[in-house]
Amino acid sequence: VDVIIMLKKILSQISPKKWIDLLPTYVFTYFSSFDSILKDQVLFKELESNQQAKNILDISGVKIEELADAFEKSDEQSLEDLGTQCIEIVSEKFKQIFQQTDADFKIKIRFGSAKKDVSFFTQDKTSGNRTINLSKRSDGFRWYLSLYLTIYDYLNNNSDVRYVLLLDEPNLYLHPGAQKNLLYNVFKKEFKDT
């Protein structure tokens with residue numbers, strides 16, 4: 001009875017429909033092992049709807065407006081410079097959470113003026129000095145990179161927004177070493193408060 005009286009008192013102090021403001025805010029992120037893998041190539045006009053591609057550009061400091069301007073002017077030099085800017089920043093950031101890569105590992109991004117596209121490649125000891133498409137890499141590598149790019153917004157969000165991350169079979173493509181990286185470098189380190 002005391003609880004009911006208390007609840008009625010609280011209810012009387014809350015304006016109609018304002019109780020919704022009392023609920024915590026959550027952002028839901030869904031990652032599917034089958035559908036959420038970053039593709040080799042994304043058309044510029046599709047960037048807005050491709051969160052992973054947008055995030056990889058954000059990590060490297062490439063502004064979409066700057067890229068749009070270079071595409072509009074067919075400015076090959078600016079497009080090449082933007083691609084070069086991406087290499088070191090994105091590669092180092094990814095090596096921090098995925099320790100299955102070697103010292104020569106690089107993620108490369110090429111901006112093609114003909115089709116106005118963004119293409120993604122890697123280079124490491126296993127490929128020699130050749131640049132290879134993402135699709136030629138292992139499923140585990142592609143899965144891990146795509147997961148990282150999916151949760152990048154969370155990792156760099158300093159607000160009070162709470163996140164719910166839904167993963168579809170998170171260990172499906174990962175060997176034990178990569179599973180350990182995922183557990184310790186991502187979930188226990190970055191998601192410790194989630």
* Evaluate the ring planes of Phe105 and Phe141, with Trp represented by its six-membered ring, and classify them as parallel (under 30°), tilted (30 to 60°) or perpendicular (over 60°). =>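 Because their plane-to-plane angle is over 60°, the rings of Phe105 and Phe141 count as perpendicular.
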
If you round to the nearest 0.5 Å, how far is [atom2] of [Y] from [atom1] of [X]?
X: Gln77; Y: Leu82; atom1: CD; atom2: CG; answer: 10.0 Å
X: Ile59; Y: Cys86; atom1: CD1; atom2: SG; answer: 10.0 Å
X: Glu66; Y: Asp81; atom1: CD; atom2: CG; answer: 9.5 Å
X: Thr101; Y: Leu145; atom1: OG1; atom2: CG; answer: 11.0 Å
X: Ser113; Y: Glu72; atom1: OG; atom2: CD; answer: 12.0 Å
X: Arg110; Y: Thr84; atom1: CZ; atom2: OG1; answer: 13.0 Å

Within the 4.5 Å heavy-atom criterion, are [X] and [Y] side-chain neighbours or not?
X: Leu79; Y: Leu67; result: yes
X: Lys116; Y: Leu43; result: no
X: Arg137; Y: Ile132; result: yes
X: Lys108; Y: Gln123; result: yes
X: Thr150; Y: Asn55; result: no
X: Glu88; Y: Lys106; result: yes
X: Ile87; Y: Ile109; result: no
X: Ile56; Y: Val62; result: no

Between [X] (side chain) and [Y] (backbone), is there a donor-acceptor pair under 3.5 Å?
X: Tyr144; Y: Gln179; answer: no
X: Ser49; Y: Glu46; answer: yes
X: Asn133; Y: Lys136; answer: no
X: Ser91; Y: Ile107; answer: yes
X: Gln85; Y: Ser60; answer: yes
X: Gln52; Y: Ser146; answer: yes

* Step by step, work out the side chain to side chain contact (heavy atoms under 4.5 Å, CB included) result for Phe120 and Val90. => CA-CA 11 Å; Phe120 305 99; Val90 176; over 6 Å; no

* Carboxylate-amine/guanidinium proximity below 4.0 Å for Lys95 and Asp124 ->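 No salt bridge links Lys95 with Asp124.
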
* Does a side-chain N-to-carboxylate-O contact under 4.0 Å join Lys54 and Asp58? ->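 No, this pair does not count.
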
* Asked: Who pairs with Phe121 by ring-ring contact (aromatic ring centres under 6.0 Å, His included), at least two apart in sequence or on another chain?
  ->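 Per chain and number, Phe121 pairs via ring-ring contact (aromatic ring centres under 6.0 Å, His included) with no residue.
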
* Asked: Hey, mind stepping through Thr122 and Thr131 against side chain to side chain contact (heavy atoms under 4.5 Å, CB included) and telling me if it holds?
  -> CA-CA 6 Å; Thr122 64; Thr131 300; over 6 Å; no

* Asked: Shortest non-hydrogen contact from Leu134 to Arg142?
  ->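 Heavy atoms only, the tightest pair is O-CD, 2.8 Å.
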
* Asked: So, for Gly112 and Phe71, which heavy atoms are closest and what is the spacing to 0.1 Å?
  ->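 The answer is O-CE2, 3.1 Å.
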
* Take Asn50 and Val118 through the side chain to side chain contact (heavy atoms under 4.5 Å, CB included) test and state the conclusion after the steps. => CA-CA 11 Å; Asn50 190 316; Val118 182; over 6 Å; no

* To do: Could you please spell out the steps behind the side chain to side chain contact (heavy atoms under 4.5 Å, CB included) verdict for Ile64 and Phe44?
  => CA-CA 9 Å; Ile64 290 184; Phe44 179 72; 4.0 Å; yes

